Amino acid sequence: MLISLHWFIFLLNLPVATWNIYRLIMVPSGNMGVFDPTEIHNRGQLKSHMKEAMIKLGFHLLCFFMYLYSMILALIND
């Protein structure tokens with residue numbers, strides 16, 4: 001996005017990309033991944049992980065329709 005000078009889209013995606021990198025870095029050693037299936041139920045973290053997943057889903061839906069609109073607009077203008 002930086003090479004093609006889409007600054008707004010880059011700045012919109014930067015916080016989510018930063019959050020994902022932070023989550024991957026902070027995975028404790030020995031866990032299978034960010035969402036360890038055994039730890040979610042043991043610690044009662046399911047509700048917070050579901051909330052985070054729904055927020056990401058909303059963000060990605062917003063981005064999808066924004067990209068779709070941009071693509072249609074670019075096709076119409078050409």
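Numbers here simply count residues along the sequence, with the first being 1. All values reported here derive from a predicted model rather than from experimental measurement.
- Contacts of F64 classified as ring-ring contact (aromatic ring centres under 6.0 Å, His included), with partners at least two apart in sequence or in another chain: none.
- With sequence neighbours left out, L24 forms a side-chain contact (heavy atoms from CB on, under 4.5 Å) with V34.
- Hydrophobic clustering keeps L62 apart from M54 (ILVMFWY residues linked when any side-chain heavy atoms are closer than 4.5 Å, directly or through intermediates).
- Atom OH of residue Y67 and atom CD1 of residue I72 lie 15.0 Å apart, to the nearest 0.5 angstrom.
- Take I25 and apply the side-chain contact (heavy atoms from CB on, under 4.5 Å) test, not counting sequence neighbours, and it matches I21.
- Linking Ile, Leu, Val, Met, Phe, Trp and Tyr residues whenever their side-chain heavy atoms come within less than 4.5 Å leaves Y69 and I9 in two separate clusters.
- For Y22, the side-chain contact (heavy atoms from CB on, under 4.5 Å) partners two or more places apart in sequence, or in a different chain, are W19, M26.
- Counting only residues at least two apart or on different chains, no salt bridge (Lys or Arg N to Asp or Glu O under 4.0 Å) pair has a member in residues 4-20.
- Not counting sequence neighbours, the partners of L12 by the side-chain contact (heavy atoms from CB on, under 4.5 Å) test are F59, C63, M66.
- Pairs engaging residues 7-18 under the salt bridge (Lys or Arg N to Asp or Glu O under 4.0 Å) rule: none recorded [sequence neighbours left out].
- Every pair passing salt bridge (Lys or Arg N to Asp or Glu O under 4.0 Å) that includes a residue from residues 12-24 is listed here, sequence neighbours excluded: R23-E52.
- Here CD1 of I76 is found 10.0 Å from CE of M71. Values are rounded to the nearest 0.5 Å.
- With sequence neighbours left out, H60 forms a ring-ring contact (aromatic ring centres under 6.0 Å, His included) with no residue at all.
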